[in-house]
Amino acid sequence: MYSLSTMQFVSNFKNYKKLKEEGITVKAETKFIPRKYDADYYHLEFITTDGKTVTKTGKCGDKEGFDDFYADLKVVYHLDDPDDYLELPYFENYSLGYKIFFFFGLYGIIGTMVIYGFLNFGYIFKDKSNREKIKKTLPNN
């Protein structure tokens with residue numbers, strides 16, 4: 001898990017450095033899409049200097065949350081890969097300390113515990129007597 005979290009940390013940090021050194025900031029057009037099935041959505045669209053249109057749709061909070069974050073939103077993108085961008089508030093508030101804490105603290109520890117749990121369950125279930133005990137506790141359908 002720590003190898004995986006290290007790879008993802010390095011990728012995330014390289015992307016941020018690339019955007020910081022050569023990123024282009026443009027205004028994004030955003031639109032609020034009221035409750036559709038389970039949540040409110042936003043639609044984000046911006047045009048790169050090359051003329052390529054990049055769009056994204058995702059879940060957002062309520063209308064008030066949309067107005068707070070997405071109104072007059074700007075994004076930072078790189079010419080080589082405009083689909084991999086950061087919204088300006090996230091870009092400006094990028095915290096290396098938080099990323100280190102997340103990837104090497106929470107991500108690594110919780111991921112290791114989850115993997116250990118799956119492996120331990122497999123080990124317990126492997127033994128035939130344990131398998132019979134588990135089957136007896138399950139309701140018969």
Side-chain angles (χ1 to χ4, degrees), residues 1-128 130-141:
M1 276 314 295
Y2 278 100
S3 297
L4 179 63
S5 68
T6 300
M7 288 181 350
Q8 290 183 344
F9 170 77
V10 168
S11 172
N12 181 279
F13 185 66
K14 279 184 178 179
N15 183 44
Y16 172 74
K17 268 182 64 174
K18 184 171 71 170
L19 289 175
K20 187 175 182 178
E21 293 168 359
E22 303 171 13
I24 300 168
T25 304
V26 295
K27 183 167 178 8
E29 298 296 323
T30 57
K31 184 172 100 176
F32 180 75
I33 303 169
R35 187 162 298 274
K36 191 176 188 182
Y37 304 115
D38 60 341
D40 293 330
Y41 286 81
Y42 70 91
H43 179 79
L44 179 142
E45 179 176 301
F46 67 93
I47 300 173
T48 65
T49 55
D50 295 345
K52 179 182 177 187
T53 301
V54 178
T55 61
K56 178 182 177 182
T57 301
K59 290 182 182 180
C60 67
D62 55 2
K63 176 72 170 143
E64 183 178 302
F66 172 83
D67 290 338
D68 288 344
F69 186 80
Y70 292 99
D72 300 319
L73 182 69
K74 293 182 180 180
V75 296
V76 180
Y77 73 94
H78 193 273
L79 280 175
D80 294 341
D81 190 12
D83 292 320
D84 196 14
Y85 62 88
L86 277 176
E87 290 88 356
L88 193 60
Y90 293 140
F91 179 78
E92 290 175 341
N93 294 326
Y94 187 90
S95 169
L96 185 59
Y98 171 76
K99 296 293 181 181
I100 290 171
F101 170 74
F102 174 76
F103 282 106
F104 297 110
L106 294 177
Y107 190 122
I109 291 170
I110 293 171
T112 300
M113 289 190 297
V114 168
I115 297 296
Y116 175 77
F118 280 122
L119 293 176
N120 199 29
F121 180 76
Y123 179 74
I124 291 170
F125 200 67
K126 183 176 86 171
D127 186 19
K128 186 169 178 74
N130 288 340
R131 205 172 26 233
E132 295 302 323
K133 288 178 191 175
I134 293 171
K135 284 182 181 177
K136 286 180 183 176
T137 61
L138 296 175
N140 292 330
N141 288 336

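These figures come from a predicted structure and were not determined experimentally.
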Exercise: identify the closest heavy-atom pair between [X] and [Y]:
{"X": "Met1", "Y": "Gly108", "value": "CB-O, 4.1 Å"}
{"X": "Lys20", "Y": "Phe91", "value": "CA-CZ, 3.6 Å"}
{"X": "Phe46", "Y": "Leu44", "value": "CD2-CD2, 3.9 Å"}

Do Ser5 side-chain atoms and Phe104 backbone N/O form a donor-acceptor pair below 3.5 Å?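 No, because the side chain of Ser5 does not come within donor-acceptor range (under 3.5 Å) of the backbone of Phe104.
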At what distance, to the nearest 0.5 angstrom, does NZ of Lys31 lie from OH of Tyr41? 14.5 Å
Hey, what do you get for CG (Leu86) to CG (Leu19), rounding to the nearest 0.5 Å? 5.5 Å
For residues 69-81, tabulate all N or O donor-acceptor pairs below 3.5 Å that involve a side-chain atom, not counting sequence neighbours.
from: Tyr77; atom 1: OH; to: Thr49; atom 2: N; distance (Å): 2.8
from: His78; atom 1: ND1; to: Asp80; atom 2: N; distance (Å): 3.1
from: His78; atom 1: NE2; to: Glu22; atom 2: OE1; distance (Å): 2.7

Does Glu64 CD have over 12 foreign heavy atoms under 6.0 Å away? no
More than 12 non-hydrogen atoms from neighbouring residues, nucleotides or ligands closer than 6.0 Å to OH on Tyr2, yes or no?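 Yes - once you tally the heavy atoms of other residues, nucleotides and ligands closer than 6.0 Å, there are more than 12.
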Would you please name every residue forming a side chain to side chain contact (heavy atoms under 4.5 Å, CB included) with Thr53, sequence neighbours left out?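 Side chain to side chain contact (heavy atoms under 4.5 Å, CB included) list for Thr53, sorted by chain: Glu45, Ile47, Thr55.
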Residues passing the side chain to side chain contact (heavy atoms under 4.5 Å, CB included) test with Leu96, sequence neighbours excluded, are Phe9, Phe13, Ile100
Within a strict 4.5 Å, meaning less than it, do heavy atoms of the Leu106 and Phe101 side chains meet?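 Contact flag for Leu106/Phe101 side chains = yes.
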Quick one, Phe66 and Asp40 - any side-chain contact, counting heavy atoms below 4.5 Å?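 The answer is no; the side chains never approach within 4.5 Å.
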Name all residues meeting the salt bridge (charged side-chain N to carboxylate O under 4.0 Å, His left out) criterion together with [X]; count only those two or more places apart in sequence or in a different chain, and write none if there are none.
{"X": "Lys17", "value": "none"}
{"X": "Asp67", "value": "Lys63"}
{"X": "Lys52", "value": "Asp83"}

Which side chain to side chain donor-acceptor pair (under 3.5 Å) pairs, counting each pair once, include a residue from residues 103-113, with sequence neighbours left out?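 Listed once each, the pairs are Gln8-Tyr107.
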Under the side chain to side chain donor-acceptor pair (under 3.5 Å) rule, what pairs show up with a residue in residues 86-99, not counting sequence neighbours?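 Output for this query lists Asn12-Tyr94.
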Results of side chain to side chain donor-acceptor pair (under 3.5 Å) for Thr25 - residues two or more places apart only: none
Residues that Lys27 engages under side chain to side chain donor-acceptor pair (under 3.5 Å), provided they are two or more places apart: none
